[in-house]
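Keep in mind the model is a prediction, meaning the values are calculated, not measured. Every number for a ligand or one of its atoms is a count from 1 in the order of the listing.
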Amino acid sequence: MLFSRELIDEKLRRSIENSKDYIGLGELASYIPELMKVDKDNLSLSLISTTGEVFTYGDKDITFSLQSISKLLTLIIALTDTNPTDLYQKVGSEPTRYEFNSLIPIGDKPANPFINAGAITTASMVLGLNNDHKFERILDFYRGISDFAEAYMDHDIYMSELKTADRNKAIAYYLKSKGIIDQDPGEVLDLYIRACSICTNIEGLAMMGAVLANKGIGIRTREMLIPENIVQIVVSQMASCGMYENSGSYLMNVGIPSKSGVSGGIVGVVPGICGLAVYSPRLDRTGNSVRGKELFKIISQDLGLNIFV
Ligand code: DON
């Protein structure tokens, strides 16, 4: 980082202060009832540099579910279990203007791995003896790349989504009907929902961003956790598709490859520099955290993190 620790701390504190106008804007995701049981105006933020410096603000002990951020995990594991050529025969790599749970951008294959149809497809490519084993692999992988941050599956969130998953069920059965997935759609969806229900804290999420920013090398251990060719694919897909139909303008305004989830988390990757994560549960109409997006924009400007300038 180009600034001293003190200056980074000062800039991050100021950014949080400057985003206060956004408190109260946006709504919680109500289609998964359990996600309504949070303090709407909670905020936590963490930046972890590739050199291992940690800056964390707000409630750092609060845990929240990854939701669509888990699509990064299933994509990485599916790419490792198969290979990019085979995976991209089943999933596209292009952004879509349709919302994340739309059936329209499926065509011959789902538009990209981050819309629900794409992530249900990548979940079908995770290898394992059964769903328990596949889920354990996903959770263990997250534990490793978050440097063993708190991580567990929240059963109430899982059940809440399972009960209200009509749209995702339709997507999974449609994918099966088109031969894009060949397993039982209910089983694949179950794995997808379990992954969405993984809960963690803000430093765990920022650490995952930092590992991606560090070409897949563990920040503390210096161990190779994700192969570099997979990091390249995942981070570029975050840039083009990570914020759904808002990805283009978000990239233009913020300039940080990012991935959001409907619980209000956003994780960003600044290659070679840092991972950044914000949790703020109120969402805009595209399912992205309102204050989270604003904070990413301010911090990107203030700390010069935009990858394009
Ligand atoms: O499948 C769903 O609808 C949720 N479990 C995840 C969606 C999500 O997080 C979209 N992101 N902003």
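- Contact annotation: for E161 versus ligand 1, heavy atoms closer than 4.0 Å belong to the side chain alone.
- Under a 4.0 Å criterion applied to the non-hydrogen atoms of N116, ligand 1 contributes the atoms 1 (O), 2 (C), 3 (O).
- Other residues sharing the hydrophobic cluster of M252, ordered by chain and number and joined by side-chain separations under 4.5 Å: none, the residue standing alone.
- By the 3.5 Å distance cut-off applied to N or O atoms, T286 is not counted among the residues near ligand 1.
- For the pair K71 (side chain) and A119 (backbone), a donor-acceptor distance under 3.5 Å is absent.
- Within 6.0 Å of the CG atom in D108, the count of heavy atoms belonging to other residues, nucleotides or ligands does not exceed 12.
- Residue contacts with ligand 1, taken as heavy atom pairs separated by less than 4.0 Å, involve N168 solely via side-chain atoms from C-beta onward.
- For ligand 1, the polar-atom distance check against N288 finds no nitrogen or oxygen pair separated by under 3.5 Å.
- Counting only heavy atoms of the protein, atom 1 (O) of ligand 1 lies nearest to Y192 OH, 2.5 Å.
- Here is the list of ligand 1 atoms found below 4.0 Å of a heavy atom in C196: 5 (N).
- Partner of K293 under the side chain to side chain donor-acceptor pair (under 3.5 Å) criterion, chosen from D284, N288, N253: D284.
- For ligand 1 and Y31, the ligand atoms under 4.0 Å from any heavy atom of the residue are 2 (C), 3 (O), 4 (C), 6 (C), 7 (C).
- In this pair, F100 and Y31 present their aromatic rings tilted. The plane angle is within the 30 to 60° band.
- For the residue pair Y279/N201, the side-chain donor-acceptor check at 3.5 Å is not satisfied.
- Atom CZ of R97 is surrounded by 12 or fewer heavy atoms from other residues, nucleotides or ligands within 6.0 Å.
- A donor-acceptor distance shorter than 3.5 angstrom exists from the side chain of S19 to the backbone of I16, with no hydrogens or angles considered.
- At the shortest separation from atom 8 (C) of ligand 1 among protein heavy atoms lies S68 OG, 2.4 Å.
- Of the N or O atoms in G287, one or more lie within a sub-3.5 Å distance of an N or O in ligand 1.
- At a 3.5 angstrom cut-off on N or O pairs, V262 counts as close to ligand 1.
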